[in-house]
Structures are given as structure tokens and as C-alpha cells.
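This report concerns only the one structure given below.
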Number of protein chains: 2
Amino acid sequence: MTNSRDNAIDLGLLLPFQISQLNSALNAQAKVIITRYGDLNLAQWRIVRVIALGIENTTTPVRKATGIDKSQFSKMLSTLEKKGYVVLHPNEEDKRQHVIELTEKARIAHERLGPVLDERQRHLVAALTEEELAVIYKAIKVMADAAQKTDFNIPISEMEEE
Amino acid sequence: MTNSRDNAIDLGLLLPFQISQLNSALNAQAKVIITRYGDLNLAQWRIVRVIALGIENTTTPVRKATGIDKSQFSKMLSTLEKKGYVVLHPNEEDKRQHVIELTEKARIAHERLGPVLDERQRHLVAALTEEELAVIYKAIKVMADAAQKTDFNIPISEMEEE
DNA sequence: TTGAAAAGGTGGAAAAGTCAACAATCAAGT
DNA sequence: ACTTGATTGTTGACTTTTCCACCTTTTCAA
């Protein structure tokens, strides 16, 4: 079938590379599913979902929760507004921010797409045990921390061979 | 309305999202390191690396091994050629493809940057055990395969129950 | 051998993401 | 109240990435 689509993953190359490959595959998958069910892109869907699940409903917390750059977040939010998925209200507690309210349209979209993506999530981890999943979550956290460091000074002795 | 999805959020079960975040962090890290050592970007470096390691040396296999989109690969390769990192030779076996040869410049770049990225790799996984790493490699493979499926049609019965 | 289908590569357009400047707002100390 | 510095969001220019339509070459089968 279509498994072993890359020799790259089988070759046991570097971990960041494999994660990048995996991320690409997951992105492509999500994109196909999401666009099949409506006119939202991935970033817009994440915004809708965070609000629909009641996690956050003001701009900055939503932005932080979705992990989207503030510039792009501003653009995505305004297109969401233009498309009629959200209504923006002034936030009395902090007049720089907005309170985001989902419209009926957004709620319907979420009701349709949410279960599909839940099913996808189950499918993704179906072959993994609870213990393995725990390891993965830990590893993600560990590596995300480790990704902050950028100064890897190689000892001179190692660099001499030129 | 409240179902297991809520716990899923609390448990941090949004795996594709976390992988995406992790990938962003790793990409940013790699970008800083690579640009500090030269004028290659991440995709170009990967091409150089696959060839330098002797894994492949013709266009399509290199492209598959690096996992780069064929359009972007074409562009990256031509800029690599312009910058003097590679020389392209016609491939007699398949005249659509090229044989890629690294120049001395590319070899020197690889000698310099390779050890630094190896050090980075060690740093990334320093907090993980061998067993955990094995789990991660397995999980990446499993999920990359699972990411190929895009038809998650929710049975009508399931939609009514929940 | 020839014609259709598949694969490789190219270039342009569109989307996504990045960056810097700016204005409004807030927080906090004076 | 007033100043200072930090946060937030918006905008426009810019770069990078992704997508798609097209052309050439190869492959395969009749």
C-alpha cells in the first residue's frame, strides 16, 4: 500500500528531521479534513475550537493558547469576522483587547468538525499504549525546552580538521 | 454536551498541535544555528547533508530523502548551484533527472556545521533514555503512517449518540 | 513504433508566515 | 495627576512556503 512512503523515516536520520516530516504529514492531513468541511484554514479552526471548548474567549489568551504569532492572529481574526464566524466586542477590563464571541455559524461548524477531528486523534494514537503516550508527552516537553538553546560551541580540537 | 473531549484538553491530548509547536521551536533553533555558520537555509542544508553522507546523489532520491516538495526542491537546488555549493550533471540513466555533485565549498560547510548539529542532537535527547527514544521513533513512524488517512466519516449513529 | 499514461522538473500565483513601525492602553512609581 | 516603560493589537512591506498548471522525458503496452 502507501506505507513506507519515505525511505527517510526508515533510515533513522535525525530526530528534528523526522519530527518535521511527521508535522508536515499531520498538517496535510488536517488541512484536507478541515477544508473538506468548510472554508476555514488550520489556524482559524484552532481559534474557533479554543473558544468553542470554553478554554478562553479574549484575544491575548486565545492567541497564546493557539500559539499563533500576534500579527497573523490579528489577520486571521479579522477574516473570521468577515466570514461571519465571530463577533468582536470591546473588553471592559482591558480596552486593548477584545472579547471574541462565536456566531451560530461557527458553532455549527464546530459541531460538525469536532467529532471528525476527535476520531482522527483516536486514529493517530490507536497503535500506542498509554505508557507510550506518556513518554511522548514528556519527550515533547523536554525537547521543547531543549530547543531554546542555540549556542553549541564546538571545542576547537574538534574543528581543526579542515 | 460535555463529553470526554473536555478531559482530552485537560490531559493535553492535542498531539498534532503539540507536535506543531515543538516543530516550530526546533525549526527556529536550527535556523539560528545554520545561518550563524553560513548562508544556507534549512532545506539547502539538508540537501547538502544527504549527499555528503553518501546516502543519495541523484535528484529524485535526494528529494525523497529530504522530504522537500518537488517545486521547492527545484528552486533550492538551483540556488545551491548559483551559490557554488553543487554542480549538476546530466543523468544518463534518466535524462529527466540530474546527478548532484558537491563542491569543495559544500564539503567545508558540512565539515563545520555537521559537528555542531550533532552536538545539538545530543543536547535535545540528553534528558531521554534509550528506551524512551525507541518509543519516540516508533511513535513517529506509527503516526506518520496514520497521517495518510483522511476519510474520517463519522457514522450517523455515532453522531446521534454523542 | 507509436501513442497514452506516468514521473520529473519548472515557473508563476496564492497562501502563510515574519518583521518592524506605530498607536492605544495599562501598570506603577513619583 | 503625570511620566515612564511595557503590553497589546493593527498595519503594510517583505520573505518563505505551498499549490497548481504546464512541458519534457520516460515507461509501458498494444
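By convention in this document, chain letters (A, B, ...) are assigned in the order of the sequence lines, proteins followed by strands, and residues within each chain are numbered from 1.
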Practice prompt. Return the value, rounded to whole Å, for the distance between atom CG of Asn91(A) and atom P of dT7(D).
Written response: 18 Å

Fill in: Integer-rounded Å distance: dT17(D) P and Asn27(A) CG
14 Å

Item to complete: Output the residues of residues 82-90 of chain B in contact with DNA chain D, where contact means a heavy atom of the residue under 4.0 Å from an atom of the strand; sort by number or write none.
Response: none

Item to complete: Using a cut-off of strictly less than 4.0 Å, decide whether Thr60(B) has a side-chain nitrogen or oxygen near OP1 or OP2 of dG9(C).
Response: yes

Fill in: Residue mapping more 5' on DNA chain D - nearest nucleotide basis, Ser71(B) or Pro61(A)
Pro61(A)

Fill in: Presence of salt bridge, Lys64(A) and Glu56(A), under 4.0 angstrom
no

Worksheet item: Rounded to whole angstrom units, what separation is found between the CD atom of Gln72(A) and the P atom of dT8(D)?
Response: 18 Å

Worksheet entry | Heavy-atom check, side chain of Arg122(A) versus side chain of Glu119(A), under 4.5 Å | yes

Practice prompt. Answer yes or no: are there more than 12 heavy-atom neighbours, outside Lys95(B) itself, under 6.0 Å from its atom NZ?
Written response: no

Discussion item. Taking the side chain as everything from C-beta on, heavy atoms only, tell me whether Ile19(A) gets closer than 4.5 Å to Met143(A).
Written reply: yes

Worksheet item: Pick the nucleotide of DNA chain C nearest each of Asp69(A) and Glu92(A); which residue has the one closer to the 5' end?
Response: Asp69(A)

Worksheet entry | side-chain N/O His98(A) vs dT10(D) OP1/OP2, d < 4.0 Å | yes

Worksheet item: Can you find a side chain N or O atom of Lys31(A) that sits less than 4.0 Å from OP1 or OP2 on dC19(D)?
Response: yes

Discussion item. Is there, by distance only and without an angle test, a donor paired with an acceptor across the side chain of Lys75(B) and the base of dG9(C) below 3.5 Å?
Written reply: no

Worksheet item: Where do Leu15(B) and Leu26(A) land on the side chain to side chain contact (heavy atoms under 4.5 Å, CB included) test, with the steps shown first?
Response: CA-CA 10 Å; Leu15(B) 202 45; Leu26(A) 290 174; over 6 Å; no

Worksheet entry | Distance in angstrom units between Phe73(A) CZ and dT8(D) P, rounded | 12 Å

Worksheet item: Taking NZ from Lys95(B) and P from dT10(C), how many angstroms apart are they, rounded to a whole number?
Response: 17 Å

Worksheet item: How about Thr79(A) and Tyr85(A): do any of their side-chain heavy atoms sit closer than 4.5 Å?
Response: no

Worksheet item: Atom CE of Met76(B) to atom C1' of dT18(D): distance rounded to whole Å?
Response: 12 Å

Worksheet item: Within the structure, does a side-chain N or O atom of Ser74(B) lie under 4.0 Å from either OP1 or OP2 of dT10(C)?
Response: yes

Discussion item. Is there a side-chain contact between Asn41(A) and the phosphate of dA15(C), meaning an N or O under 4.0 Å from OP1 or OP2?
Written reply: no

Worksheet item: Looking at Gly67(B) and Gln21(A), what are the two nearest heavy atoms and their distance?
Response: CA-NE2, 3.5 Å

Response to the item:
From CZ of Arg96(A) across to P of dT10(D) the rounded distance in Å is 12 Å

Fill in: Spacing between Leu26(A) atom CG and dT18(D) atom C1', to the nearest angstrom
17 Å

Worksheet item: For Ala43(A) and Glu93(A), take the nucleotide of DNA chain C holding the closest heavy atom to each; which residue's nucleotide lies nearer the 5' end?
Response: Ala43(A)

